[in-house]
Amino acid sequence: MQGLQQMNAYYEKFVEIFGEVDSKIKAVNELMKVLSFNVHSRKKKNVEILQIAQEICHNLNGVRFTSCKSAKDRTAMGVTLEQVHILQRDHNLDSSVVSHALECMRSEGVRRQNTFKNTGSNKYAFSSIQLVTMPKMYRPPHGTYGNTAT
């Protein structure tokens, strides 16, 4: 709730200073409504909140951070998903290769190096039970995870 209030305050100040200068800013008003709905919904692990916040921040030329407790496993899944969204939006990555791009980033990218640096293992610390409850776009590729210490 606090994050939503802060984002609302930023948006209102942005519009007060710059006005609704283009269609991206006008779209933020609708996105803020959708974000508020999702924040107030009782849906568990609502990852749509992260994706909507990402789009709002982009449209307002803002920044945001994604980090789980240890800043490696769930963070890696969120960061790589955001990277793919950026590639789609700003560099015309075709939607037919999104899954492949995610798999490459998560299996060969720097996030694996982060896990090794933090734990001595290059595997994400997800159990098979955790994976079942994760949204598909947040799941690591086969062979890149195991029940390791965090």
Side-chain angles (χ1 to χ4, degrees), residues 3-4 6-8 10-11 14 18 20-150:
L4 176 63
Q6 290 173 332
M7 190 170 271
N8 254 324
Y10 181 84
Y11 168 64
F14 187 96
F18 300 107
E20 292 189 9
V21 292
D22 62 24
S23 60
K24 283 188 348 182
I25 305 308
K26 290 176 184 172
V28 171
N29 188 42
E30 278 305 309
L31 288 169
M32 291 299 294
K33 291 175 187 173
V34 174
L35 180 63
S36 179
F37 174 81
N38 277 279
V39 167
H40 291 96
S41 74
R42 298 210 181 267
K43 184 177 177 183
K44 287 189 172 216
K45 298 183 181 183
N46 189 349
V47 296
E48 291 172 46
I49 292 169
L50 300 173
Q51 294 167 1
I52 297 164
Q54 168 192 333
E55 191 171 346
I56 291 169
C57 287
H58 172 75
N59 287 348
L60 295 176
N61 299 318
V63 296
R64 64 174 193 78
F65 299 90
T66 298
S67 184
C68 63
K69 185 173 73 174
S70 64
K72 58 177 187 49
D73 302 312
R74 289 177 299 273
T75 299
M77 300 305 108
V79 167
T80 52
L81 182 58
E82 184 168 351
Q83 289 171 328
V84 165
H85 288 157
I86 291 168
L87 288 172
Q88 283 183 290
R89 181 187 65 231
D90 298 340
H91 303 285
N92 302 314
L93 179 70
D94 192 87
S95 58
S96 66
V97 296
V98 165
S99 294
H100 180 69
L102 273 174
E103 188 171 311
C104 286
M105 285 185 208
R106 291 173 177 173
S107 62
E108 305 297 327
V110 298
R111 304 309 305 191
R112 292 286 296 280
Q113 294 171 14
N114 289 358
T115 62
F116 184 78
K117 197 172 187 180
N118 288 338
T119 66
S121 171
N122 68 352
K123 294 199 181 272
Y124 300 113
F126 295 120
S127 69
S128 53
I129 293 171
Q130 287 174 306
L131 292 175
V132 173
T133 64
M134 293 175 84
K136 186 177 180 183
M137 296 302 279
Y138 282 86
R139 294 179 189 165
H142 291 287
T144 63
Y145 57 88
N147 204 1
T148 62
T150 57

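All figures in this text were calculated on a predicted structure; none of them were measured in a lab. Heads up: numbering here begins at 1 and tracks the sequence.
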Contacts of E103 that satisfy salt bridge (Lys or Arg N to Asp or Glu O under 4.0 Å) - sequence neighbours left out: none
Which residues share a side chain to side chain contact (heavy atoms under 4.5 Å, CB included) with H142, sequence neighbours left out: Y145
Residue pairs passing the salt bridge (Lys or Arg N to Asp or Glu O under 4.0 Å) test where at least one lies in residues 83-99, sequence neighbours excluded: none
Non-neighbouring partners of K33 that pass salt bridge (Lys or Arg N to Asp or Glu O under 4.0 Å), sequence neighbours left out: E30
All pairs passing salt bridge (Lys or Arg N to Asp or Glu O under 4.0 Å) where residues 125-134 contributes a residue, at least two apart: none
Partners passing side chain to side chain contact (heavy atoms under 4.5 Å, CB included) against Y10 (at least two apart in sequence or in another chain): F14, L60
Side chain to side chain contact (heavy atoms under 4.5 Å, CB included) partners of R111, counting only residues at least two apart: T75, A76, V79, T80, N114, Y124
For H100, side-chain hydrogen bond (donor to acceptor under 3.5 Å, both in side chains) partners two or more places apart: none
Residue pairs fulfilling salt bridge (Lys or Arg N to Asp or Glu O under 4.0 Å) with at least one residue in residues 124-135, sequence neighbours excluded: none
Residues that N92 engages under side chain to side chain contact (heavy atoms under 4.5 Å, CB included), provided they are two or more places apart: none
Any residue meeting salt bridge (Lys or Arg N to Asp or Glu O under 4.0 Å) with K43, in chain and number order, not counting sequence neighbours: E48
Which residues share a salt bridge (Lys or Arg N to Asp or Glu O under 4.0 Å) with E82, sequence neighbours left out: R64
